[in-house]
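Note sheet for the following structure.
The chain is numbered in sequence order, starting from 1.
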Amino acid sequence: MKLLNLRLRPIHLTLKAFIAYKVRSTMFDKLLYIETFGCQMNVNDSERIVSTLADLGYAPTNDPASADMILLNTCSVRGGAEEKVYKRLANLRIYKRDGKKQIIAVGGCVAQQEGEELLRKLPYVDLVIGTHNLHLLSDMVRGAERGERRSETTFIDNDQRLDLFPSIRGESRLSRFVTVMQGCDNFCSYCIVPFVRGREISRRSADILAEVRQLAGEGVREVILLGQNVNSYGLKTEREPTFAELLRQVAEIEGIDRIRFTTSHPKDMSDELIACFGDVPKLSGQIHLPAQSGSDAVLKRMGRGYSRGTYLDKVHKLKALRLDIVITGDIIVGFPGETDEDFEQTLSLMEEVRYIDLFSFVYSPRPGTKAAELNDDLPRAVKMARLNSLMELQRRHTSEISRTYVGSTMTVLVEGEGKLPGQISGKADIGRIVNFAGDSSLIGSFVEVKIVKAYPNSLLGEL
Ligand code: SAH
Ligand code: SF4
Ligand code: F3S
C-alpha cells in the first residue's frame with residue numbers, strides 16, 4: 001500500500017476544476033485547509049470531506065493562515081504517529097491565535113484511536129471525527145461555527161456505513177477511486193488498521209457499477225477499485241460477485257479504458273483473479289502485492305496466512321500470464337525475532353520477485369495488536385542496517401527494470417502538464433509516470449509514447 005509516509009500532502013490537485021463546478025451551485029464564503037496522511041483510503045476520505053464542506057460554503061485553499069477551517073486527516077499505522085499529529089497541530093495552532101475564529105479538526109485513524117482524548121489534551125482542537133463518522137461532518141462543522149466542540153468516533157460495523165458515506169462531487173478528473181469495500185478483518189499481528197477502520201464490509205455491486213457508469217459518463221477513463229483488501233470483496237455474502245467477477249463487470253463498462261485496484265492481500269489472490277490478468281485487457285499491468293517478509297517463520301508470526309512458497313507461486317502465475325507485469329510491494333524489517341537468516345530470506349524473495357517499487361518500513365509496535373506483546377529486542381542499529389541494505393537492493397532493481405523500458409513504446413493516459421514547460425505527463429499501463437513533450441490538448445486521451453530515458457521515479461518519453 002502506498003503510504004504518504006507522513007509527508008504533508010495538502011489537497012490542491014483539483015482546485016480549479018472543483019471551483020468551476022461549484023461556482024454554479026454554491027457561494028463560497030469560507031476556506032478549508034486540509035492535510036492528508038497515510039494511505040489511499042485517507043486520500044479518498046479527504047475528497048469526500050472537501051465535497052461535503054463545499055455545501056457549507058468552504059472552498060479548498062493551500063494556505064493555512066487564511067483558512068477558516070484546518071483539518072488534519074491522520075494515519076496511525078506506525079508508532080510516533082500521534083506525536084507527529086500533536087506537533088503538527090501545535091504548529092498550525094499559531095494561525096488560531098489573536099482571537100481569530102478558526103475551526104481546527106482532526107480526522108482519520110489517529111482521531112479514531114484517540115477520540116475525546118484529543119479534545120481533552122488540546123484545548124484549541126474543536127472537532128474530532130472518526131473513520132466511520134464522515135456523514136456527521138456537516139452537522140459538526142455547523143456546531144463548531146457556533147463555538148461547540150465535539151468528538152464522534154462511533155463505529156458503524158454494518159451495511160449502513162457505506163450508505164451513509166458522503167459521495168465525492170465536483171471533481172472532473174480522468175482517474176478516480178471507487179470504493180468497493182472498507183475495513184479489514186485480517187488482524188495481521190502487527191497492524192492497527194482493523195482497530196481504527198473497523199470490520200470489513202463490501203459495498204453492493206449494483207452501487208459500485210452504477211458509480212463507475214456515472215463516472216464514465218462524466219469523462220473518467222480510469223478507475224481504481226479501492227479497499228483495504230479488495231480481493232476478499234464479496235466473500236462474506238452469497239449475493240455478491242467475487243472480486244474477479246466484479247472486475248469483469250466493471251471492464252464491460254464503455255468509456256472506462258483502464259482499471260486498477262488496491263490493495264491486495266496475497267492470501268486472497270485467487271486463481272480466478274490471477275486469470276483476469278491474462279484476459280481482461282483493460283486491467284492495468286501493475287499490481288501491488290505486499291509480502292511483508294520472505295521468511296516463513298516471520299510470516300507465521302505476522303499471521304499473514306500464506307507462506308513464501310504460496311506467495312511466489314502467485315507471482316510466477318501472474319508473470320506467466322502477463323510477461324510485462326510490474327509488481328510493487330510492502331516489506332516490514334525488524335519484526336520481533338527476525339534473525340539474519342530471516343532477513344536474508346526477504347532479500348532473496350526480492351531477487352525472485354523483482355519489485356519495481358517497494359515500500360519498506362521498520363517494524364513499530366502498535367497498541368492493542370498481538371505483536372505488541374512479542375519481545376521487540378532487536379537493536380535499532382540492526383533494524384536500520386537491514387532497512388538500508390534492503391533499500392539499496394531495491395534501488396538496483398528499480399533502475400535495472402526501468403532501463404529495460406528505454407526504446408519500448410507505452411500507452412499513456414495523459415493527465416496533465418509535465419515537469420518542464422512544454423511537457424505533458426501521464427501514467428503508463430504499468431503505473432509509471434511518463435513525461436514527454438506535447439500539446440496540452442492531448443490531456444484526457446491515451447497516446448503512444450516511446451521511452452527514451454529512465455529516472456528512479458519516472459520515465460522520459462517522445463510522442
Ligand atoms: N491493507 C494493506 C496495508 C495497509 S498498512 C495491506 O494489507 O496491504 C500499509 C503498510 O504499512 C503495510 O503493508 C505494512 O507494510 C506497513 N505496516 C503496517 N503496520 C506496521 C507496523 N506496525 N510497523 C511497520 N509497518 C507497518
Ligand atoms: Fe493491516 Fe493486514 Fe489488514 Fe493489511 S490486511 S490492513 S496489513 S491487518
Ligand atoms: Fe494509516 Fe489508517 Fe490508512 S492507519 S495506512 S490511514 S487505514
Side-chain angles (χ1 to χ4, degrees), residues 1-3 38-45 48 73 75-77 107-113 130-135 153-167 177-209 211-212 223-247 249-250 260-270 272-273 276 287-292 299 302-306 311 314 330 366 368-371:
M1 159 117 345
K2 186 163 181 169
L3 282 175
C39 65
Q40 283 95 336
M41 321 297 146
N42 263 12
V43 174
N44 192 236
D45 284 349
R48 293 178 203 282
N73 201 3
C75 169
S76 65
V77 83
C109 297
V110 174
Q112 182 62 45
Q113 193 184 299
T131 56
H132 291 188
N133 300 100
L134 286 183
H135 60 290
T153 52
T154 311
F155 266 165
I156 305 172
D157 276 334
N158 56 44
D159 286 0
Q160 248 209 334
R161 186 205 308 164
L162 288 164
D163 294 335
L164 287 171
F165 241 62
S167 55
F177 288 119
V178 174
T179 297
V180 300
M181 51 85 69
Q182 284 187 338
C184 180
D185 287 352
N186 283 315
F187 290 93
C188 301
S189 67
Y190 50 82
C191 187
I192 198 150
V193 171
F195 301 93
V196 287
R197 289 276 164 170
R199 296 293 53 77
E200 185 179 303
I201 288 172
S202 293
R203 192 173 167 204
R204 279 185 291 275
S205 57
D207 294 349
I208 297 169
L209 295 169
E211 182 176 341
V212 177
V223 287
I224 307 165
L225 305 179
L226 183 67
Q228 286 296 354
N229 182 19
V230 289
N231 35 26
S232 65
Y233 172 83
L235 295 184
K236 277 183 170 177
T237 145
E238 289 281 303
R239 281 169 292 139
E240 294 296 356
T242 61
F243 184 61
E245 288 162 352
L246 178 73
L247 214 138
Q249 291 170 9
V250 172
R260 300 178 189 280
F261 57 83
T262 195
T263 289
S264 286
H265 193 305
K267 88 171 154 51
D268 299 315
M269 184 85 196
S270 63
E272 191 199 4
L273 180 55
C276 293
I287 178 164
H288 187 69
L289 201 60
Q292 311 299 358
L299 285 171
M302 288 178 162
R304 289 288 285 176
Y306 55 85
Y311 178 87
K314 293 182 190 201
D330 295 345
R366 306 303 293 124
T369 61
K370 252 171 117 182

Inset, instruction - Under the side chain to side chain contact (heavy atoms under 4.5 Å, CB included) rule, collect the residues that match up with Asp159, sequence neighbours excluded. - result: Ile201
Inset, instruction - For residues Asn73 and Gly107, report the shortest heavy-atom separation together with the two atoms involved. - result: OD1-C, 3.5 Å
Inset, instruction - Using side chain to side chain contact (heavy atoms under 4.5 Å, CB included) as the criterion, list what pairs up with Glu240, not counting sequence neighbours. - result: Arg204, Ser205, Tyr233, Thr237
Legend entry - No-hydrogen, no-angle side-chain donor-acceptor test under 3.5 Å, Asp268 and Asn229: yes
Legend entry - Where Ser76 and Val110 come nearest, the two heavy atoms and their spacing: CB-CG2, 3.6 Å
Inset, instruction - Take Arg366 and Val196 through the side-chain contact (heavy atoms from CB on, under 4.5 Å) test and state the conclusion after the steps. - result: CA-CA 11 Å; Arg366 306 303 293 124; Val196 287; over 6 Å; no
Legend entry - Side chain to side chain, Tyr311 and Gln292, heavy atoms closer than 4.5 Å: no
Inset, instruction - For the pair Asp157 and His132, evaluate side-chain contact (heavy atoms from CB on, under 4.5 Å) and give the outcome as yes or no after the intermediate values. - result: CA-CA 9 Å; Asp157 276 334; His132 291 188; 3.4 Å; yes
Inset, instruction - Ignoring hydrogens and angles, state whether a donor on the side chain of Gln40 or Thr262 is under 3.5 Å from an acceptor on the partner side chain. - result: no
Legend entry - Smallest separation among heavy atoms of His265 and Cys188, with atom names: NE2-SG, 4.2 Å
Legend entry - Approximate separation, where rounding is to 0.5 Å, of Asn158 CG and Ile156 CD1: 7.0 Å
Legend entry - Closest contact, heavy atoms only, Val193 versus Cys184: CG1-CB, 4.4 Å
Inset, instruction - Return yes if some donor-acceptor pair links the side-chain N/O of Thr153 with the main-chain N/O of Gly130 below 3.5 Å, else return no. - result: no
Legend entry - Distance, nearest 0.5 Å, that separates OG of Ser264 from NZ of Lys314: 10.0 Å
Legend entry - Test side chain to side chain donor-acceptor pair (under 3.5 Å) applied to Asn42 - qualifying residues, sequence neighbours left out: Arg197
Inset, instruction - Please report the shortest heavy-atom distance between Ser189 and Gly303, naming the atom on each side. - result: OG-N, 4.5 Å
Legend entry - Exam field: side chain Tyr306 to backbone Ala291, donor-acceptor pair closer than 3.5 Å: yes
Inset, instruction - For Phe195, check side chain to side chain contact (heavy atoms under 4.5 Å, CB included) against everything at least two apart and list the hits. - result: Phe187, Ile192, Thr369
Legend entry - Set of side chain to side chain contact (heavy atoms under 4.5 Å, CB included) partners for Glu245, sequence neighbours left out: Pro241, Thr242, Glu272
Legend entry - Distance in Å, Gln112 CD paired with Thr131 OG1, rounded so as to fall on 0.5 Å steps: 4.0 Å
Legend entry - For the student: nearest non-hydrogen atoms of Asp45 and Phe165, plus distance: OD1-CE2, 3.6 Å
Inset, instruction - With sequence neighbours left out, write down each residue that passes side chain to side chain donor-acceptor pair (under 3.5 Å) with His135, or none if nothing qualifies. - result: none
Inset, instruction - Output, in order, the C-alpha distance, side-chain angles, deciding distance and verdict of side-chain contact (heavy atoms from CB on, under 4.5 Å) for Phe261 and Val180. - result: CA-CA 10 Å; Phe261 57 83; Val180 300; over 6 Å; no
Inset, instruction - Kindly compute the distance separating CG (Asp185) from CD (Glu200), expressed to the nearest 0.5 Å. - result: 5.0 Å
Legend entry - Candidate list Ile208, Leu246, Asp163, test side-chain contact (heavy atoms from CB on, under 4.5 Å), partner Arg203, passing option: Ile208
Legend entry - Of Gln228, Arg304, Lys267, the residue whose pairing with Asn186 passes side chain to side chain donor-acceptor pair (under 3.5 Å): Lys267
Legend entry - Steps toward side-chain contact (heavy atoms from CB on, under 4.5 Å) verdict (Lys236, Met181): CA-CA 11 Å; Lys236 277 183 170 177; Met181 51 85 69; over 6 Å; no
